[in-house]
Amino acid sequence: MAPVAAAPTASRRRRRLLQATIIVLVVIAGNFPYMDSWASDRYDDWRSHQPGYVRDNGRWDIVADSGSRSIHAALLRTGKVLLMAGSGNDKNNFDAKRFETVLWDPTANSFQKIYTPWDVFCAGHAFLPNGDLLIAGGTKAYEVLAQDAPDGKKKEYEGLKDSYLFDPISQRYVKTGFLQHARWYPTLVTLANGAVVAVSGLNENGDIDPGNTESYDGTSAAWIEHPELRKEFPTYPSLLLAADGRLFFSGANAGYGPASLEARQSGLWNLTNNQFQAVPGLPLPEVNETAGTVLLAPAQDQKVMFIGGGGVGDTQVTTDRTAIVDLSKPQPAWQRGPDLRTPKRYPGAVLLPDDTMLVSGGSQRYRAKDTLTAEIYDPATKTFRPVADPHVGRDYHSEYLLLPDGRVAVFGSNPLSDDNTFDTRVEVYSPPYLYAGERPVIRSAPDTITRGTTITLRTSQKIGKVRLMRPGAYTHVTDTEQRSVALPITEQADGTVTVSVPDNPNVLPGDWYMLFVDNGGNVPSVATWVHVTP
């Protein structure tokens with residue numbers, strides 16, 4: 001006869017159940033931080049895709065992986081995005097002469113490699129009036145740290161004199177004349193007459209440029225020395241073309257150069273007589289490095305916002321301050337603006353076609369502790385409001401661009417790490433206006449626009465405002481191109497809208513622009529490309 005197993009007593013069953021419960025609780029307790037984080041992430045992901053939340057806050061989507069260590073990004077008049085890496089802050093690439101450029105098509109979400117003849121890493125760039133992108137400078141040699149140098153002395157990065165155009169139609173680089181001065185970390189800015197001014201940078205010996213100024217002449221494809229214009233700047237100084245033709249230096253910069261506050265003073269630089277008018281009042285001027293600067297919409301108002309920033313070099317000081325200055329005043333001075341949600345170095349700031357501005361990304365430390373926050377600034381109310389948060393951290397070597405469909409694309413990020421990590425994912429933000437109802441459609445618009453005239457558009461809805469938005473060219477928290485210009489409506493009836501075009505070339509420099517119309521409810525159209533002739 002087979003033995004019969006005795007049934008467990010009730011007390012034994014209770015004891016086993018208690019033991020199992022204790023084991024489960026111990027496991028849960030030991031893994032609670034992970035489980036809590038996992039649950040929180042799942043909830044955030046679920047919430048971020050709910051229709052009501054998206055309607056109020058927009059949404060972020062990781063749409064692709066470029067595979068490129070992009071340092072520079074520019075939106076071309078074809079609607080494609082040029083992602084320039086060069087050696088991509090990777091000395092192995094530099095030593096092997098692996099220089100890379102990738103062309104991203106946002107519509108097809110496809111990537112095309114472009115032959116890159118020099119190390120574009122840390123060059124400067126600006127658009128010419130015909131829509132070509134001028135790129136100048138680059139990397140001749142990487143830095144050598146003191147502990148790695150035979151003489152025990154640190155060697156700085158060294159700049160190049162190379163200069164190229166990128167032709168959006170042929171999709172290739174075209175050589176121009178050489179710079180007069182080698183430059184690494186320079187700033188280029190286009191003037192009303194179509195010339196491009198180049199300043200600052202480290203030269204071929206790794207020394208900060210002492211104030212040499214030169215300009216690019218499109219007719220001769222040559223760089224012209226201007227010995228009468230001497231102005232020392234820190235590297236990648238944020239320069240904007242003001243309505244009176246002067247260049248406004250906000251004080252923001254990205255790295256090397258004189259540490260004194262005097263040399264980093266914000267002001268207006270007159271290129272006719274080399275006079276510099278200081279603009280006082282910037283809060284915390286000692287933390288101007290890795291800050292953002294944007295000419296708020298519309299450009300005719302001449303109001304500039306200064307955003308975040310940190311201490312000189314690799315210090316860990318960061319600020320949440322913003323400041324605003326009105327350049328239309330005879331004696332402009334900074335006034336404190338609303339604070340950001342969190343302190344930010346490397347903030348990404350992008351103008352939107354409804355006149356607001358997205359500020360996202362950045363980090364609370366030098367190339368570390370990414371913020372993963374986003375907010376929208378409304379110049380009408382002078383306030384920020386939080387919106388959907390991005391999924392990918394972005395700090396050093398990240399880029400932000402408005403796309404013709406009204407979304408914002410974000411690239412890159414190179415946090416400080418032993419393995420020199422680089423994020424190559426492309427994330428796109430869809431603002432709330434994309435979920436606010438039917439978008440107006442531009443049914444017809446002129447291909448070419450002349451300043452000081454009127455133009456007629458045909459649209460699918462009644463229009464509240466019309467904007468010309470210059471495409472961005474972004475690197476190292478610097479975009480000298482970005483601006484939104486209002487075209488006042490003079491007449492409107494039966495789907496036909498007549499608008500006036502500003503006559504000031506300092507407000508509306510010659511270039512290809514994205515033309516957006518708004519239905520009066522802050523819902524913009526998809527843009528149409530138009531050429532503002534010089």
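Because only heavy atoms are used, hydrogens play no part in the values below, and waters and symmetry mates are left out as well, while side chains stay in. The model shown is predicted, which means the values in this text are computed figures rather than measured ones. For reference, positions follow the sequence shown, starting with 1.
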Colleague: Answer yes if the ring centres of Tyr142 and Phe121 are under 6.0 angstrom apart, and no otherwise.
Modeller: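 Yes; Phe121 has its ring centre under 6.0 Å from that of Tyr142.
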Colleague: May I have the step-by-step check of side-chain contact (heavy atoms from CB on, under 4.5 Å) for Asn270 and Gln277, ending in yes or no?
Modeller: CA-CA 8 Å; Asn270 192 325; Gln277 178 186 347; over 6 Å; no
Colleague: Going by heavy atoms in the side chains, are Ser363 and Thr318 under 4.5 Å from each other?
Modeller: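 A side-chain contact is absent here, since even the closest heavy-atom pair is not under 4.5 Å.
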Colleague: Do Ser163 and Thr176 have a side chain donor and acceptor closer than 3.5 Å?
Modeller: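 The answer is yes; a qualifying pair exists.
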Colleague: So do Val199 and Phe249 actually touch side chain to side chain, heavy atoms under 4.5 Å?
Modeller: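 No, too far: nothing below the 4.5 Å cut-off.
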Colleague: Is it the case that the side chain of Gln482 and the backbone of Leu295 share a donor-acceptor pair, with hydrogens and angles ignored and the cut-off at 3.5 Å?
Modeller: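 No, because the side chain of Gln482 does not come within donor-acceptor range (under 3.5 Å) of the backbone of Leu295.
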Colleague: Check the pair Asp355 / Ser484 against side-chain contact (heavy atoms from CB on, under 4.5 Å), numbers first and verdict last.
Modeller: CA-CA 8 Å; Asp355 287 350; Ser484 176; 4.2 Å; yes
Colleague: Regarding Trp334 and Ser266, do their side chains bring together a donor and an acceptor under 3.5 Å, going by distance alone?
Modeller: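 Yes.
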Colleague: Does the Ser215 side chain pair with the main chain of Val196, one donor and one acceptor, at a distance under 3.5 Å?
Modeller: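 No.
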Colleague: Any donor-acceptor pair under 3.5 Å linking the side-chain atoms of Thr424 with those of Asp65?
Modeller: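 On atom types as modelled, these side chains qualify, holding a pair under 3.5 Å.
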Colleague: Under 3.5 Å, is there a donor on one side chain and an acceptor on the other for Thr421 and Asp419?
Modeller: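 Judged by distance alone, the side chains do not pair up.
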Colleague: Run the side-chain hydrogen bond (donor to acceptor under 3.5 Å, both in side chains) check on Thr101 and Tyr173 step by step: do they pass?
Modeller: CA-CA 10 Å; Thr101 298; Tyr173 289 106; 2.8 Å; yes
Colleague: Return the OG1 to CD1 distance between Thr139 and Ile71, rounded to the nearest 0.5 Å.
Modeller: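 So the OG1 of Thr139 and the CD1 of Ile71 are separated by 9.0 Å.
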Colleague: With no hydrogens and no angle check, is any side-chain donor or acceptor of Glu427 less than 3.5 Å from a backbone partner on Val392?
Modeller: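 Yes; at least one donor-acceptor contact below 3.5 Å.
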Colleague: Just wondering, are more than 12 heavy atoms of other shown residues or ligands nearer than 6.0 Å to NZ in Lys175?
Modeller: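 Above 12, so yes.
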Colleague: In terms of side-chain geometry, is the basic nitrogen of Glu214 or Arg183 positioned less than 4.0 Å from the acidic oxygen of its partner?
Modeller: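 Salt bridge present between Glu214 and Arg183.
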Colleague: Contact between Gln265 and Pro285 at the side-chain level, heavy atoms closer than 4.5 Å - yes or no?
Modeller: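 No - every pair of side-chain heavy atoms lies 4.5 Å or more apart.
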Colleague: Atom CZ of Arg394 and atom CG of Asp423: how far apart are they, to the nearest 0.5 Å?
Modeller: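 Interatomic distance, Arg394 CZ to Asp423 CG, rounded to 0.5 Å: 5.0 Å.
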Colleague: Can you name the closest pair of heavy atoms from Ser398 and Gly412 and give their distance?
Modeller: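 Smallest heavy-atom distance, with atoms named: CB-O, 3.8 Å.
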Colleague: In Å and rounded to the nearest 0.5 Å, what is the CH2 to CG distance from Trp223 to Leu179?
Modeller: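 CG of Leu179 is found 5.5 Å from CH2 of Trp223.
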Colleague: Minimum heavy-atom separation for Leu229 and Asn274, please, with both atom names.
Modeller: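 Closest approach of Leu229 to Asn274: CA-OD1, 3.6 Å.
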Colleague: Please examine the side chains of Tyr474 and Ser70, heavy atoms only from C-beta on, and report whether any two atoms are closer than 4.5 Å.
Modeller: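 A side-chain contact is absent here, since even the closest heavy-atom pair is not under 4.5 Å.
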Colleague: Yes or no on side-chain hydrogen bond (donor to acceptor under 3.5 Å, both in side chains) for Asn130 and Trp512, after CA distance, side-chain angles and deciding distance?
Modeller: CA-CA 7 Å; Asn130 68 353; Trp512 284 81; over 6 Å; no
Colleague: Counting N and O atoms only, with roles assigned by atom type, does the side chain of Arg345 sit under 3.5 Å from a partner on the main chain of Gly311, one being a donor and the other an acceptor?
Modeller: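 Yes.
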Colleague: For Trp184 and Tyr256, I'd like to know if the aromatic rings sit close, meaning centre-to-centre distance below 6.0 Å.
Modeller: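 They qualify: ring centres under 6.0 Å apart.
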Colleague: Taking all atoms of both residues into account, what is the closest heavy-atom pair of Asp395 and Asp370, and its distance?
Modeller: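 Asp395 and Asp370 have their closest heavy atoms at OD2-OD1, 2.5 Å.
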Colleague: So, taking the atom named CG in Asp217 and the one named OG1 in Thr219, what distance separates them when rounded to the nearest 0.5 Å?
Modeller: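 Rounded to the nearest 0.5 Å, the CG-OG1 separation comes to 4.5 Å.
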Colleague: Given the rule in the salt bridge (charged side-chain N to carboxylate O under 4.0 Å, His left out) test, do Lys153 and Asp151 qualify, once you have shown the distances and angles that lead to the verdict?
Modeller: CA-CA 6 Å; Lys153 297 179 180 179; Asp151 59 2; 5.4 Å; no
Colleague: Check whether any side-chain heavy atom of Lys344 sits under 4.5 Å from a side-chain heavy atom of Ile307, and report yes or no.
Modeller: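 Lys344 does not reach Ile307 side chain to side chain.
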Colleague: Mind checking whether Leu271 and Leu191 have side chains closer than 4.5 Å, heavy atoms only?
Modeller: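 In contact.
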Colleague: What's the separation between atom OG1 in Thr478 and atom CG in Asn253, rounded to the nearest 0.5 Å?
Modeller: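 CG of Asn253 is found 8.0 Å from OG1 of Thr478.
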Colleague: Please give me the minimum heavy-atom distance between Ala123 and Pro186, naming the atom from each residue.
Modeller: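 Looking at all heavy atoms of both residues, the shortest contact is C-CD, 3.8 Å.
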Colleague: Does Glu204 pair with Lys140 as a salt bridge, N-O distance under 4.0 Å?
Modeller: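 No, Glu204 and Lys140 are not salt-bridged.
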Colleague: What's the separation between atom CG in Asp326 and atom CG in Asp301, rounded to the nearest 0.5 Å?
Modeller: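 Output value for this atom pair is 8.0 Å.
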Colleague: Measure from the side-chain N and O atoms of Thr78 to the backbone N and O of Pro168, and report whether any donor-acceptor pair falls under 3.5 Å.
Modeller: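 Not at all, since once roles are kept as given, no pair shorter than 3.5 Å links the two residues.
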Colleague: I'd like to know if the side chain of Glu100 and the backbone of Gly88 have a donor-acceptor N/O pair within less than 3.5 Å.
Modeller: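 Not a single qualifying donor-acceptor pair exists.
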Colleague: Indicate yes or no: at least one non-hydrogen side-chain atom of Leu76 is less than 4.5 angstrom from one of Phe166.
Modeller: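 When only atoms from C-beta onward are counted, Phe166 and Leu76 do touch, with a gap below 4.5 Å.
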Colleague: Is Val279 close to Phe248 at the side-chain level, that is, under 4.5 Å between some pair of heavy atoms?
Modeller: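 A side-chain contact under 4.5 Å exists here.
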Colleague: If we ignore hydrogens and angles and just use 3.5 Å, is the side chain of Ser200 paired with the main-chain N or O of Phe233 as donor and acceptor?
Modeller: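 Yes, the answer is positive, given that a donor and an acceptor are paired below the 3.5 Å cut-off.
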Colleague: With side-chain hydrogen bond (donor to acceptor under 3.5 Å, both in side chains) as the test, would you mind laying out the steps for Trp104 and Asn109 before giving the verdict?
Modeller: CA-CA 7 Å; Trp104 178 50; Asn109 200 17; 3.0 Å; yes
Colleague: Counting only N and O atoms by type, is there a donor-acceptor contact under 3.5 Å from the side chain of Arg483 to the main-chain atoms of Leu241?
Modeller: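 Yes: the side chain of Arg483 pairs with the backbone of Leu241.
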Colleague: side-chain contact (heavy atoms from CB on, under 4.5 Å), that's the test. Do Thr235 and Ile208 meet it? Break it down for me.
Modeller: CA-CA 8 Å; Thr235 52; Ile208 183 70; 3.6 Å; yes
Colleague: Might you work through the side-chain hydrogen bond (donor to acceptor under 3.5 Å, both in side chains) test for Gln112 and Lys80, ending with a clear yes or no?
Modeller: CA-CA 10 Å; Gln112 173 186 350; Lys80 296 180 180 180; 4.7 Å; no
Colleague: Return the orientation label for the Phe99 and Phe94 ring planes: parallel under 30°, perpendicular over 60°, tilted otherwise.
Modeller: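 Judged by the thresholds at 30° and 60°, the geometry between Phe99 and Phe94 is tilted.
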Colleague: Treating Thr116 as the side-chain partner and Ile114 as the backbone partner, does any N or O pair qualify as donor plus acceptor under 3.5 Å?
Modeller: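 Side chain of Thr116 to backbone of Ile114, a donor-acceptor pair under 3.5 Å: yes, one is there.
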Colleague: Does Glu289 pair with Arg264 as a salt bridge, N-O distance under 4.0 Å?
Modeller: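 Between Arg264 and Glu289 there is a salt bridge, with a charged N closer than 4.0 Å to a carboxylate O.
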Colleague: Which class fits the ring pair Tyr236 and His476: parallel under 30°, tilted 30 to 60°, perpendicular over 60°?
Modeller: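 Geometry flag for His476 against Tyr236: parallel rings.
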Colleague: Could you tell me whether the side chain of Asp511 and the main chain of Arg470 form a donor-acceptor pair under 3.5 Å?
Modeller: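 Not at all, since once roles are kept as given, no pair shorter than 3.5 Å links the two residues.
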Colleague: Got a sec: does the CG of Asp418 have more than 12 other heavy atoms crowding it under 6.0 Å?
Modeller: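 At most 12 heavy atoms, drawn from other residues, nucleotides or ligands, come within 6.0 Å of this atom.
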Colleague: Taking it one step at a time, do Ile135 and Trp118 satisfy side-chain contact (heavy atoms from CB on, under 4.5 Å)?
Modeller: CA-CA 11 Å; Ile135 310 109; Trp118 89 114; 3.8 Å; yes
Colleague: Name the residue from Val312, Thr319, Leu282 that meets the side chain to side chain contact (heavy atoms under 4.5 Å, CB included) definition with Val287.
Modeller: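 Considering Val312, Thr319, Leu282, a side chain to side chain contact (heavy atoms under 4.5 Å, CB included) with Val287 is found only for Thr319.
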Colleague: With the threshold set at 4.0 Å, does a side-chain nitrogen-carboxylate oxygen contact exist between Asp405 and Arg407?
Modeller: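 Answer for the salt bridge query: yes.
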